[in-house]
Number of protein chains: 2
Amino acid sequence: MEKEKTDKRDHILDVAERVFSEHGFDGASTRLISGEAGVNMAMLNYYFGSKEGLLLSLFERRTSTFHSLIQGIGNNENMSSWQKVSEYVEAYINRVFSNNCFQKVVHQELAVRRTGELADKITDMIMQNVIEFRKILHEGIERGEFKNDIDTEMVVATVFGVKAQIVNASHISSLMLGYDTQDPQNMVDKLKPRVTDYLKKLLKAYLLTEHDNAK
Amino acid sequence: MEKEKTDKRDHILDVAERVFSEHGFDGASTRLISGEAGVNMAMLNYYFGSKEGLLLSLFERRTSTFHSLIQGIGNNENMSSWQKVSEYVEAYINRVFSNNCFQKVVHQELAVRRTGELADKITDMIMQNVIEFRKILHEGIERGEFKNDIDTEMVVATVFGVKAQIVNASHISSLMLGYDTQDPQNMVDKLKPRVTDYLKKLLKAYLLTEHDNAK
DNA sequence: CAAAGTTAATCAAACGATTGATTAATATAT
DNA sequence: ATATATTAATCAATCGTTTGATTAACTTTG
């Protein structure tokens, strides 16, 4: 009977994350969110101040457990640059697949939002990833492990872009791949290993010098 | 005084395309659109029936001039598969950059899960591209020009994804690249050639067999 | 311990504002 | 003069938010 100790506040955030991901921020009414969460409408304003405050809290919850994740890989002295890239891709895809509702909300806000506190928060969050990843790439070039004419920014955009195309544009990817890419079982069994494997091979072919590439 | 013969209807579509791309479908009110277009609110319903009808008309206008563009490349017998891929990337990026407001609307609609006529229209439009591109890739494999273990669907997702990441997520790409990626001058002078060049090199490294790759 | 006071949580109801849509009247053009 | 185009005014519905009352739990006081 052990009732979960998760606050009602946390439960609202969980539901809001899902509803936002399905309808977008403007498309998801406070009535719908509170209804789905089984709480009174006024509770949203009680806990989060406003609808925008709810969205903001939603981001803060995720970003608080995020900083620790991207640390460590880049600073490891015992890894080759390619190993770092490989680990990074793995960690990134892992994180994406573990909370894809949140990822969808980010993706939507990125597509629409232009100004304000939230836009800055999202930008910061992503740019941290960008800088970290780019650092690894530059290091690989300096070491002579990667080709010296690679476009590092575009490589970063590739990893983010492929992820977005597969995970966030789910109608399309479902049709393209021939199965429901939203189904949790498919995501773990088929999609995740496939995306990870592809990205590694793709980057390997583009990044590594001829000598290393030939293994 | 020769007033442009473009119908007022067409002018509304132009404005709506921009406003939708800036605020999203739900975020853009009919009052805002009609205000920006300098017409009475009721004109939107007069011409397009409803707000959704306006969005639909917007898509029909673009897709009508679209079919002819993707034809021809795949069926050309005198081109190598790699040349076809190269031409295809060029044509695709060209089209994207020539009407990026519309591309943004597509991107947004794709991000929020919607059902109905419009969702099907968008899906059809994109899947035409997917199928055409994939056909070229398969042909390249059969000819032995491309590696036989390439993931064709993911390659398609890569081209679409990189484009989306650079063109549609403009805050991020502007910060990443160090200049305003929305500025028309920058788009033509810097962004477009860079994306095109990168995609070609990336795909070349991944697709071509070792022998061909070495030139 | 018990009465009084205090706080956070929750609710139904209503608020003013805005939404997309419609009307009925008027203007323009053919 | 008839069809088309355009307008101001208005519609019901929905939006996000606020209110005032109620409950339950904890603190303080006598």
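Chain A is the first sequence line, chain B the second, and so forth, proteins listed ahead of strands; every chain is numbered from 1. Quick caveat: nothing in here was measured; it's all calculated off a predicted structure.
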Between protein and nucleic acid, restricted to nucleotides 25-30 of chain C and to nitrogen or oxygen atoms under 3.5 Å apart, what atom pairs and distances do you find?
none

Q) Do NZ/NE/NH1/NH2 and the carboxylate oxygens of K200(B) and E90(B) come within less than 4.0 Å? A) yes
Q: Report the residues that fulfil salt bridge (Lys or Arg N to Asp or Glu O under 4.0 Å) with E117(B), sequence neighbours left out, ordered by chain and then residue number.
A: K121(B)
Q) Which part of the nucleic acid, if any, lies within contact of Y47(A), taking any heavy atom under 4.0 Å across all strands shown: a base, the sugar-phosphate backbone alone, or nothing? A) sugar-phosphate
(Q) I need the D26(B) CG to S29(A) OG distance, nearest 0.5 Å. (A) 11.0 Å
Which donor-acceptor pairs under 3.5 Å do side chains of residues 32-44 of chain A form with protein atoms, sequence neighbours excluded?
unit_1 : atom_1 : unit_2 : atom_2 : d
S34(A) : OG     : T30(A) : O      : 2.9
S34(A) : OG     : R31(A) : O      : 3.1
E36(A) : OE1    : R18(A) : NH2    : 2.3
N40(A) : OD1    : A42(A) : N      : 2.9

Q: Give a yes or no on whether a donor-acceptor pair under 3.5 Å exists between the nucleobase atoms of dA9(C), that is its base, and the side chain of N40(A).
A: no
Let me check something: any side-chain donor-acceptor pairs from residues 158-165 of chain A under 3.5 Å, sequence neighbours excluded? List them with distances.
unit_1  : atom_1 : unit_2  : atom_2 : d
T158(A) : OG1    : M154(A) : O      : 2.7
T158(A) : OG1    : Y198(B) : OH     : 2.6
K163(A) : NZ     : Q103(A) : OE1    : 3.2
K163(A) : NZ     : N168(A) : OD1    : 3.2

Q. Does any pair with a residue in residues 173-191 of chain B pass salt bridge (charged side-chain N to carboxylate O under 4.0 Å, His left out), and if so which ones, sequence neighbours excluded?
A. none
Q | Protein-nucleotide distance (H23(B), atom NE2; dT19(C), atom P), rounded to Å | A | 11 Å
What pairs of nitrogen or oxygen atoms, one from the protein and one from nucleotides 14-17 of chain D, lie under 3.5 Å apart?
unit_1  : atom_1 : unit_2 : atom_2 : d
dG16(D) : OP1    : K51(A) : NZ     : 2.5
dG16(D) : OP2    : T30(A) : N      : 2.8
dG16(D) : OP2    : T30(A) : OG1    : 3.2
dG16(D) : N7     : R31(A) : NH1    : 2.8
dG16(D) : O6     : R31(A) : NH2    : 2.8
dT17(D) : OP2    : K51(A) : N      : 2.8

Q) To the nearest 0.5 Å, how far apart are CZ in F59(A) and CG in D124(A)? A) 12.0 Å
(Q) What is the separation between atom OH on Y46(B) and atom C1' on dA8(D), rounded to the nearest whole Å? (A) 17 Å
Q. How many Å lie between CD1 on I12(B) and P on dT6(D), as a whole number?
A. 8 Å
Q: Whole angstrom is fine here: how far is it from CG in D7(A) over to P in dA8(C)?
A: 14 Å
**Q.** Nucleotide dA21(C), atom P - distance to CE of M43(B) in whole Å
**A.** 15 Å
Q) From M176(B) CE over to F133(A) CZ, what is the distance, rounded to the nearest 0.5 angstrom? A) 11.0 Å
Q) For the pair made of CZ in R9(A) and P in dT10(C), what is the distance, rounded to whole Å? A) 13 Å
Q: Please check if atom CD in E52(B) has more than 12 non-hydrogen atoms from other residues, nucleotides or ligands closer than 6.0 Å.
A: no
